[in-house]
4 protein chains.
Amino acid sequence: MSKAAITTDSVYSMNENEYHKTTFTRIPPDKQQRILDAAIQEFAGKGYNAASINVIARNAGISIGSMYSYFASKEDLFMSVMDSGHNLLEQALKEVVDMPGDLYERMDKMIEVSQRYAMENHQLNQIYIEISTEGLSHLARRISLKMESMTAAIYHRLIDEAKAAGLVSMNLDTRALSFFLDNLVMMVQFSYASDYYRERLKVYAGDNSYNDPASLRTELMKFIRNGLLPRA
Amino acid sequence: MSKAAITTDSVYSMNENEYHKTTFTRIPPDKQQRILDAAIQEFAGKGYNAASINVIARNAGISIGSMYSYFASKEDLFMSVMDSGHNLLEQALKEVVDMPGDLYERMDKMIEVSQRYAMENHQLNQIYIEISTEGLSHLARRISLKMESMTAAIYHRLIDEAKAAGLVSMNLDTRALSFFLDNLVMMVQFSYASDYYRERLKVYAGDNSYNDPASLRTELMKFIRNGLLPRA
Amino acid sequence: MSKAAITTDSVYSMNENEYHKTTFTRIPPDKQQRILDAAIQEFAGKGYNAASINVIARNAGISIGSMYSYFASKEDLFMSVMDSGHNLLEQALKEVVDMPGDLYERMDKMIEVSQRYAMENHQLNQIYIEISTEGLSHLARRISLKMESMTAAIYHRLIDEAKAAGLVSMNLDTRALSFFLDNLVMMVQFSYASDYYRERLKVYAGDNSYNDPASLRTELMKFIRNGLLPRA
Amino acid sequence: MSKAAITTDSVYSMNENEYHKTTFTRIPPDKQQRILDAAIQEFAGKGYNAASINVIARNAGISIGSMYSYFASKEDLFMSVMDSGHNLLEQALKEVVDMPGDLYERMDKMIEVSQRYAMENHQLNQIYIEISTEGLSHLARRISLKMESMTAAIYHRLIDEAKAAGLVSMNLDTRALSFFLDNLVMMVQFSYASDYYRERLKVYAGDNSYNDPASLRTELMKFIRNGLLPRA
DNA sequence: TATGAATGAGATTTCATTCAT
DNA sequence: CATGAATGAAATCTCATTCAT
């Protein structure tokens with residue numbers, strides 16, 4: 001899954017992040033959430049540069065002075081939003097990681113989770129899309145690719161296990177494969193989160209591909225299974 | 001291919017677009033290009049919002065007044081850049097469209113062209129990535145998904161032909177398949193254009209996956225062929 | 001001496017000043033000093049306007065709320081700092097006032113004391129320099145020129161005594177002379193306290209003029225003696 | 001003379017300074033002056049930090065945007081003001097440099113010029129006073145002590161010539177002497193420019209010392225002559 | 001009394017766009 | 001046509017001060 005995925009254990013929690021001042025941790029959780037929600041909405045809707053902290057503060061019902069007592073800068077606020085998203089994503093992926101089953105069963109679950117997560121948190125996903133933009137590379141560098149590294153490791157392990165069990169053709173390169181699989185999942189995720197990618201999905205796969213996520217998932221699993229299973 | 005693709009004929013050409021004033025067509029082509037190049041560089045490097053058209057004008061060696069005599073607004077300049085990119089992409093894809101061969105041979109060529117195009121025009125590609133962002137959806141809507149529609153149509157035709165020839169399993173949905181295939185190609189393209197996606201590629205598929213595009217292409221083709229060919 | 005000088009008796013003491021609330025007198029003296037020290041450091045380093053009382057409070061280890069329970073405003077805190085400085089200066093000058101000797105012996109001592117005081121309390125001196133600034137005239141007016149008045153009176157008396165004793169030429173105006181003498185002492189004091197005036201001293205009198213205060217004092221005394229003694 | 005003085009040739013001219021953008025040189029001189037005047041007034045009245053560029057722009061009758069098209073920053077505007085002041089001062093001192101006469105005649109002229117310059121340009125002088133403040137040391141460093149270096153060199157030469165002519169006692173150190181003389185002139189200058197130092201002058205030398213500059217000058221010259229002339 | 005979260009006016013700076021020359 | 005000076009709304013961020021706990 002694009003920005004995170006099959007992780008083994010929660011490695012990241014809001015208390016450990018370094019992007020907000022300690023003041024922020026001392027205010028009521030619902031107020032914290034209200035602020036992050038306002039920020040997510042503004043960042044997702046307008047993009048990092050066009051987003052206005054004043055608007056975020058106003059929508060969150062706090063003063064601009066308070067905003068700056070919680071976050072040292074616009075960048076830090078943005079990073080905190082990213083972090084909170086990572087946490088959510090991690091939790092969403094817990095069920096994939098913790099489930100029993102082989103590569104295919106897990107891939108199926110992962111697609112389902114991705115779709116659901118994208119629909120429920122489409123604004124957060126829109127922010128993920130923007131972070132990959134060149135103009136935000138300085139921010140991307142700050143979060144680095146921690147999540148991706150973790151996800152990739154999981155893919156590598158699952159694929160190797162599947163190979164050992166005769167479930168994946170030996171002549172496919174594990175690493176390249178992990179890249180392709182995550183690409184497929186990530187694009188599904190994007191397609192359920194962003195307006196642009198949703199339209200694109202409809203153009204390619206038809207209008208009801210969006211409205212009937214289950215059957216898109218079925219089709220993707222057919223393609224993947226076909227692509228991986230050894231041929232006689 | 002993501003942003004454009006197997007097109008049969010040039011449908012789009014700079015003269016037909018509606019995003020620049022007629023004055024722009026009256027200046028020498030090399031001056032036109034200098035302006036577009038400066039715009040591409042600025043938009044790609046800083047993102048739409050952070051880009052400054054004053055800077056673009058300066059780098060292009062023209063006055064800001066002239067800039068506004070060619071383009072009515074920042075938006076229009078951006079749209080013109082997008083259009084010129086589409087033209088380039090179209091030309092790049094000509095060789096895929098015009099070649100003989102079945103689906104697999106064409107997919108192979110398409111991946112190769114995508115990689116090359118991404119490397120040669122990475123700034124343009126970075127702009128493509130940004131356009132899919134929510135904050136730029138009002139611009140994305142303006143160019144709409146004309147290119148994607150065209151590309152999708154080609155995919156659909158090729159896949160159906162391949163099915164008829166017994167080269168693609170009948171139990172795969174044509175439209176869903178076209179979506180997955182373009183996703184795979186698009187992500188490869190992104191990975192060779194943007195810093196962020198390049199790093200991601202390395203995380204998943206290893207450092208030399210980027211330096212050895214040919215073998216990544218080979219791996220992708222193995223996966224696709226496996227995924228599509230009917231099983232005995 | 002510029003900002004204070006040959007005073008006979010302590011006229012000014014912290015308890016009498018009007019710039020802090022009574023709560024300030026009730027806290028332990030070392031806490032008082034810690035607060036004033038933090039204020040001196042901040043005001044001296046950044047100047048009145050750029051100084052932040054939030055920073056002062058933090059550095060003093062007290063809350064901003066307490067700060068405002070001790071001092072009604074930034075202005076009052078600043079005035080209190082000035083007052084505490086005056087006290088220090090007064091004590092430093094005690095030894096000049098209380099010593100026996102004629103005008104020349106006292107001037108010599110005064111220069112020595114000024115140099116030492118400037119080096120030991122350079123931050124306080126930097127604040128004195130700033131108070132003379134036009135932007136702070138409303139504050140300067142508040143502390144007025146009490147100290148200067150006192151100092152001037154001493155000068156006048158000493159000079160008149162020296163004239164009576166035949167040690168100073170009768171054709172020099174007492175009041176103008178007191179002004180010139182204090183100017184000379186004050187500039188020496190500034191030159192040992194502020195970065196800017198130190199550099200200026202070096203430019204005029206050479207690098208070791210700063211490192212060898214004793215010989216600068218000797219030279220100044222030669223000049224003064226020459227300038228005041230009656231000619232045959 | 002404190003911030004400049006007996007210079008031989010104009011070394012500094014507005015066209016050579018580096019603190020404004022070229023745009024500034026292209027606007028009418030009276031507009032340039034209006035802007036500098038507004039800046040001088042604001043900086044002198046409130047001090048560097050408390051001064052507001054918005055206020056300066058408004059008082060100069062230009063937009064804030066124009067302000068920033070002339071000067072890249074508040075700092076640069078300030079530096080430009082300093083430079084224009086240096087130019088004025090230089091011109092004022094031309095008459096001292098160009099005149100015939102020995103050290104004493106020139107010192108007399110210098111005091112007169114300083115007094116006049118201070119009264120005519122008291123706001124500029126107030127800014128000079130502030131630049132020596134510790135909080136503005138980063139600005140002071142930018143202008144360095146060019147002017148002072150030049151002035152000091154002149155003093156050194158004049159004193160040595162006077163010594164050779166038997167007009168100055170040989171047992172006085174040339175460099176230390178130059179420092180003391182400039183201190184005396186500088187303090188007179190300050191006393192006619194700043195509110196604070198004017199009050200101080202009155203406290204020491206009486207109320208009419210300010211209103212009768214000529215006699216203060218006479219007194220100062222008596223003191224200097226006494227202090228320098230060799231004794232029989 | 002002590003605390004420190006909250007406030008918001010105001011400061012500096014940027015930049016798309018207009019328009020007189 | 002070309003130029004680039006002028007504009008001013010709006011953005012980020014600071015900090016003296018208040019006040020509920």
Side-chain angles (χ1 to χ4, degrees), chain A residues 21-24 26-28 31 46 49-58 61-77, chain B residues 21 23-24 26-27 31 46 49-58 61-77, chain C residues 21 23-24 26-27 31 46 49-58 61-77, chain D residues 21-24 26-28 31 46 49-58 61-77:
Chain A
K21 301 189 187 171
T22 48
T23 327
F24 186 62
R26 292 197 210 103
I27 60 177
K31 193 174 179 182
K46 302 196 194 156
N49 280 297
S52 158
I53 309 206
N54 289 281
V55 171
I56 295 173
R58 184 161 55 247
I62 63 169
S63 72
I64 175 67
S66 290
M67 192 86 253
Y68 274 87
S69 80
Y70 301 147
F71 306 96
S73 63
K74 189 184 189 181
E75 267 199 28
D76 273 9
L77 172 58
Chain B
K21 301 186 183 173
T23 32
F24 185 62
R26 293 203 205 99
I27 61 175
K31 194 174 177 182
K46 302 195 193 157
N49 281 295
S52 157
I53 68 176
N54 290 274
V55 168
I56 294 173
R58 183 162 57 250
I62 64 168
S63 70
I64 178 66
S66 292
M67 192 88 252
Y68 272 84
S69 80
Y70 302 147
F71 305 96
S73 64
K74 190 185 189 180
E75 274 196 21
D76 273 8
L77 173 58
Chain C
K21 302 185 182 173
T23 33
F24 185 61
R26 294 203 206 98
I27 62 176
K31 194 172 178 184
K46 301 195 193 157
N49 280 295
S52 157
I53 68 174
N54 291 274
V55 169
I56 294 172
R58 182 162 57 250
I62 64 167
S63 72
I64 178 67
S66 292
M67 192 88 252
Y68 272 85
S69 79
Y70 302 146
F71 305 96
S73 65
K74 190 185 189 181
E75 274 195 20
D76 274 8
L77 172 57
Chain D
K21 302 189 187 172
T22 49
T23 328
F24 185 63
R26 292 197 211 103
I27 60 176
K31 194 174 179 181
K46 301 197 193 155
N49 280 297
S52 158
I53 309 205
N54 289 281
V55 170
I56 294 172
R58 184 161 54 248
I62 63 169
S63 72
I64 176 66
S66 290
M67 192 86 253
Y68 273 86
S69 80
Y70 302 146
F71 306 96
S73 63
K74 189 185 188 180
E75 267 199 27
D76 273 10
L77 172 58

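Just so it is clear: chains get the letters A, B, ... in the order the sequence lines come, proteins before strands, and each one is counted from 1.
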Regarding [X], tell me which of base, sugar-phosphate or nothing describes its non-hydrogen contacts under 4.0 Å with the strands shown.
X	answer
Lys21(B)	nothing
Arg58(A)	nothing
Ala51(C)	sugar-phosphate
Ala50(A)	nothing

> On DNA chain E, nearest-nucleotide positions of Tyr70(A) versus Ser69(C): which is more 5'?
Replying inline: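 Mapping each residue to its closest nucleotide by heavy atoms, the 5'-most match is Ser69(C).
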
>> Taking the nucleotide of DNA chain E with the nearest heavy atom to each, does Ser63(A) or Ser66(C) sit closer to the 5' end?
In response: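 Nearest-nucleotide comparison on DNA chain E picks Ser66(C).
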
Rounded to the nearest 0.5 Å, how far apart are [atom1] of [X] and [atom2] of [Y]?
X	Y	atom1	atom2	value
Ser73(D)	Tyr68(D)	OG	OH	7.0 Å
Phe71(B)	Asp76(B)	CZ	CG	8.5 Å
Lys74(C)	Asn49(C)	NZ	CG	5.5 Å

>> Does the structure show a Watson-Crick or G-U wobble partner for dT18(E), both distances under 3.5 Å? Name it, or say none.
In response: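 Base partner found: dA5(F).
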
Which whole-number value in Å describes the distance from [X] [atom1] to [N] [atom2]?
X	N	atom1	atom2	value
Asp76(B)	dA16(E)	CG	P	14 Å
Glu75(A)	dC13(F)	CD	P	9 Å
Lys46(D)	dG10(E)	NZ	C1'	11 Å
Asn54(B)	dT13(E)	CG	P	18 Å
Tyr68(A)	dA9(E)	OH	C1'	15 Å
Leu77(B)	dT17(E)	CG	P	10 Å
Ile62(C)	dT3(E)	CD1	C1'	11 Å
Asn49(D)	dG10(E)	CG	C1'	14 Å

> In this structure, which one of Ile53(C), Ile56(C), Val55(C) forms a side-chain contact (heavy atoms from CB on, under 4.5 Å) with Ile64(C)?
Replying inline: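 It is Ile53(C), the one option of Ile53(C), Ile56(C), Val55(C) that forms the side-chain contact (heavy atoms from CB on, under 4.5 Å) with Ile64(C).
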
>> Both Ile27(B) and Lys74(A) contact DNA chain F. Taking the nearest nucleotide for each, which residue is further toward the 5' end?
In response: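 Taking each residue's closest nucleotide, the earlier one in sequence belongs to Ile27(B).
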
>> Please compare Met67(B) and Ile53(C) by the position of their nearest nucleotide in DNA chain F and report the one closer to 5'.
In response: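 Per heavy-atom nearest nucleotide, the more 5' residue is Met67(B).
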
Establish, with yes or no, whether the OP1 or OP2 oxygen of [N] is under 4.0 angstrom from a side-chain nitrogen or oxygen of [X].
X	N	value
Arg26(D)	dG4(F)	no
Ser73(A)	dT12(F)	no
Ser52(A)	dT12(F)	yes

> Counting only N and O atoms by type, is there a donor-acceptor contact under 3.5 Å from the side chain of Lys31(D) to the main-chain atoms of Ile62(D)?
Replying inline: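 Checked: no pair found.
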
> Under the side-chain contact (heavy atoms from CB on, under 4.5 Å) criterion, do Tyr70(D) and Ile27(D) qualify, and how do the steps go?
Replying inline: CA-CA 9 Å; Tyr70(D) 302 146; Ile27(D) 60 176; 3.5 Å; yes

>> So if I take every side-chain heavy atom of Ile64(D) and compare against dT13(E), dA2(E), dA5(F), which nucleotide ends up nearest?
In response: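 From the listed options, dT13(E) comes nearest.
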
